[in-house]
Every structure is written in C-alpha cells, then in structure tokens.
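These notes concern the structure reproduced below.
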Amino acid sequence: MGAFFMSAKLKQAFYRQDVLTLAPALLGKLLCVKMTNGSLQKYAITEVEAYRGEEDLACHAAKGKTERTRIMYAGGGFVYVYLIYGMHWMLNMVSGEEGVPQAVLIRGVEGVNGPGRVGKRMQIDRSFYGEALWHSQRIWIEDAPPVVAYQTSPRINIAYAGAPWVHKQWRFFI
DNA sequence: ACACTGATGAAT
DNA sequence: TTCATCAGTGTT
C-alpha cells in the first residue's frame, strides 16, 4: 500500500466529538450524496457553524427535546435537516455524545455558498432526517487531510439569541 | 428593502 | 386553531 490518501467513510466515533472540535475538523472533508438520477456528488466542505446544547440560545435545542430536535439528542453521526423560511432545506450533522444536543450546520461546500444552496444542490429534503452517516448508502462524509488554516467568525443571522451566544466565534470557514 | 414560503412551537 | 417567527435567497 502506498502513502497516498485512502478515501474512507467517516465512522460514528468521529461524529461523537464535541461540536466545537468536530465543526472545524469537517472542513475539507468530502460530503458525498447520491442524486435521484443515481449519480454521486462529492464536494469538499468549506463553511460550517456549530450549535451547542440547550444553553446555546441560537441552537434549536434551546427549546428542549421536541419532535423536530429529537435527533440532536441521539448522539453524533445522524443527519438533522429542517425547512427554513418555507423554502430551504438546511443540512446538519449531529455531533457529541448521546443526550447532549449538538449539530454542525453545513453552510458551504466547494463552489456552493450558502446553506440553502447546499441543500438544493445536494437534493436534501425531509427524507434525510435521521439518516446514519456512518453506514447510509445515500449520504456520508469521506475523510481528507485536515485543514489547518481556517477562519472563524460569529454565526450568521442569530441576533435573536442575544449575548453571549451572538458573539461566539462558532462559524468556521476556509 | 422586501417578497417568497410553510413548518414549528407558543399562545389562545 | 391561530399567530409570530425563522441557522435564507433572489429580486427590486
């Protein structure tokens, strides 16, 4: 076996890291989704945001465990999707240990900026809710060398959360 | 600056 | 069962 990088599906244990560790670790990794026509899309992740626990007032789980947020409590490795503004499907990866609601929002991939556009490009819809990333046949993430040079900023459009959450540098991008 | 769009959770 | 709100995008 040579020294070249073997493409491999990320395992459940990888997603079980704390969201503040996992979010930047997902930069550069390959988001892979099977299209309805059978083709496979692979895009490097370029922009993410971390949503961390019930105490984080910007996180949907701040309202507790509901039918919508229940998957965030299931432990890292599941897909969390939701429809926003009646139009755009947001793609998230659940992170952390079971019982601790956390998720990483995929805000951008190579050549596709904006979480709504990512959802559209990847044909994300309600049916992806709860998909297990480590063994799904239609959505997963493949490993790639870590990105060491990335930037951070406050999260986008969460002013309603107020301090200190609105100031957290929990947006990570290349 | 604003229309679009509908699921969601809180208030009635 | 009504109501305000929303982790956004495209057009004016």
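The model shown is predicted, which means the values in this text are computed figures rather than measured ones. In the text below, chain A, chain B and the rest are named by the order of the sequence lines, each starting its count at 1.
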Write down the distance between [atom1] ([X]) and [atom2] ([N]), rounded to a whole number of angstrom.
{"X": "A:Tyr160", "N": "C:dA7", "atom1": "OH", "atom2": "C1'", "result": "6 Å"}
{"X": "A:Arg155", "N": "C:dC6", "atom1": "CZ", "atom2": "P", "result": "14 Å"}
{"X": "A:Asn113", "N": "C:dG10", "atom1": "CG", "atom2": "C1'", "result": "15 Å"}
{"X": "A:Arg70", "N": "B:dG9", "atom1": "CZ", "atom2": "C1'", "result": "16 Å"}
{"X": "A:Leu57", "N": "C:dT5", "atom1": "CG", "atom2": "P", "result": "17 Å"}
{"X": "A:Glu49", "N": "C:dC6", "atom1": "CD", "atom2": "C1'", "result": "14 Å"}
{"X": "A:Ile156", "N": "C:dC6", "atom1": "CD1", "atom2": "P", "result": "16 Å"}
{"X": "A:Ile124", "N": "C:dA7", "atom1": "CD1", "atom2": "P", "result": "18 Å"}

Check your understanding: Checking A:Tyr43 side chain against A:Gly108 main chain: does a donor-acceptor pair fall under 3.5 Å?
Key -> no

Please tell me if [X] has a side-chain N or O lying less than 4.0 Å from either OP1 or OP2 of [N].
{"X": "A:Arg126", "N": "B:dA7", "value": "no"}
{"X": "A:His60", "N": "C:dA7", "value": "yes"}
{"X": "A:Asn157", "N": "C:dG8", "value": "yes"}

Exercise for review: Measure across A:Ile156 and A:Arg171 and return the closest heavy-atom pair with its distance rounded to 0.1 Å.
Suggested key: CG1-CD, 3.9 Å

**Study point:** Parallel, tilted or perpendicular: rings of A:Trp165 and A:Trp170 (30°, 60°)
**Key:** tilted

Would you classify [X] as touching base, sugar-phosphate or nothing, given that sugar-phosphate means primed atoms plus P, OP1 and OP2, and contacts are heavy atoms under 4.0 Å?
{"X": "A:Leu105", "answer": "base"}
{"X": "A:Gly86", "answer": "base"}
{"X": "A:Met87", "answer": "base"}

Point to revise | Near-ring test A:Tyr80/A:Tyr82, centroid separation under 6.0 angstrom | key: yes

Review point. A:Tyr85 stacking on B:dG6: centroids under 5.5 Å, ring planes under 30°?
Key: no

Check your understanding: Taking any strand in view, what nucleotide pairs with C:dA4 in a Watson-Crick or G-U wobble way, both distances under 3.5 Å?
Key -> B:dT8

Exercise for review: Confirm from the modelled atom types if A:Tyr82 and B:dA7 form a donor-acceptor pair under 3.5 Å, side chain to base only.
Suggested key: no

Point to revise | Nucleotide nearest A:Arg117 when distance is taken to its side chain, options C:dT9, C:dG8, B:dT8 | key: C:dT9

Practice item. Name the closest nucleotide to the A:Lys63 side chain, picking from C:dG8, B:dA7, B:dA10. Key: B:dA10

Point to revise | A:Val104: which of A:Ile45, A:Leu22, A:Asn92 passes side chain to side chain contact (heavy atoms under 4.5 Å, CB included) | key: A:Leu22

